[in-house]
Novice: 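Would you mind keeping the following structure in view while I ask a few things?
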Amino acid sequence: PGIPLDDFAKDAKRPFDEGVMMCRELLDQLCPTLERIAPHCVHRDINAHNVLVHAPASVLPPAPQEGRGDQPADATAKPRFTLIDFGLATETAGWRGGDWKTKDIGGDCRYWPVSSWK
């Protein structure tokens, strides 16, 4: 369970520093995962809809409402992120061998690596 990051991010009423905390936590969690799978496969479709956010209610305080002060977030609670949809994943050896130029072109071009545009 969780909600796609793009849906979660639509609530733009959060302070900047909480957004930065979420980004850092996302990178802290997903980068080691991507590093571990890199010798085997390339995801090819990492985007905000393919990252699920599991955020306990205590991670972020409710958006401030009129007549009510901010409530502090629980400093120990952290969001968890899950990478989903490996449907476009390809073997690393083929990707590094140049298959990305001619085979199975797919995914959202807004998220293609710079190397795909040559």
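These numbers come from the heavy atoms of this one structure, side chains and all, not from hydrogens, waters or symmetry mates. The first residue of the sequence shown is numbered 1, and numbering continues consecutively from there.
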Novice: Would you give the length of the straight line joining atom OG1 of T90 to atom CZ of R44, rounded to the nearest 0.5 angstrom?
Specialist: 5.5 Å
Novice: Can you name the closest pair of heavy atoms from P79 and M21 and give their distance?
Specialist: CD-SD, 4.2 Å
Novice: Who pairs with D7 by salt bridge (Lys or Arg N to Asp or Glu O under 4.0 Å), at least two apart in sequence or on another chain?
Specialist: K10
Novice: Listing request: all ring-ring contact (aromatic ring centres under 6.0 Å, His included) pairs with a residue in residues 14-41, at least two apart in sequence or in separate chains.
Specialist: none
Novice: In the single-linkage hydrophobic clustering (I, L, V, M, F, W, Y; side-chain heavy atoms under 4.5 Å), do V53 and I46 co-cluster?
Specialist: yes
Novice: Looking at G87, is its backbone amide N or carbonyl O close enough to the side chain of D45 to form a donor-acceptor pair, meaning the two atoms are under 3.5 Å apart?
Specialist: no
Novice: What is the distance from atom CZ of F81 to atom CG of L27, rounded to the nearest 0.5 Å?
Specialist: 9.0 Å
Novice: Does anything in residues 79-89 pair up under side chain to side chain donor-acceptor pair (under 3.5 Å), and if so which pairs, sequence neighbours excluded?
Specialist: H54-T82
Novice: Would you confirm whether H43, through its side chain, and I84, through its main-chain N or O, come within 3.5 Å as a donor-acceptor pair?
Specialist: yes
Novice: Quick check for you: to the nearest 0.5 Å, what is the distance between N47 atom CG and L5 atom CG?
Specialist: 9.5 Å
Novice: Can you list everything that forms a side-chain hydrogen bond (donor to acceptor under 3.5 Å, both in side chains) with E91? Sequence neighbours excluded, please.
Specialist: none
Novice: Measuring from atom CD1 of I37 to atom OG1 of T92, what distance do you get when rounded to the nearest 0.5 angstrom?
Specialist: 7.5 Å
Novice: Report the C-alpha distance between V51 and L26 in whole Å, list the side-chain angles of each, state the deciding distance to 0.1 Å, and finish with yes or no for side-chain contact (heavy atoms from CB on, under 4.5 Å).
Specialist: CA-CA 9 Å; V51 175; L26 180 140; 3.8 Å; yes
Novice: For the atom pair CG (N50) and CG (L83), what is the distance rounded to the nearest 0.5 Å?
Specialist: 7.0 Å
Novice: Going by the rule salt bridge (Lys or Arg N to Asp or Glu O under 4.0 Å), which residues pair with D28 if we only count those two or more places apart in sequence or in a different chain?
Specialist: R24
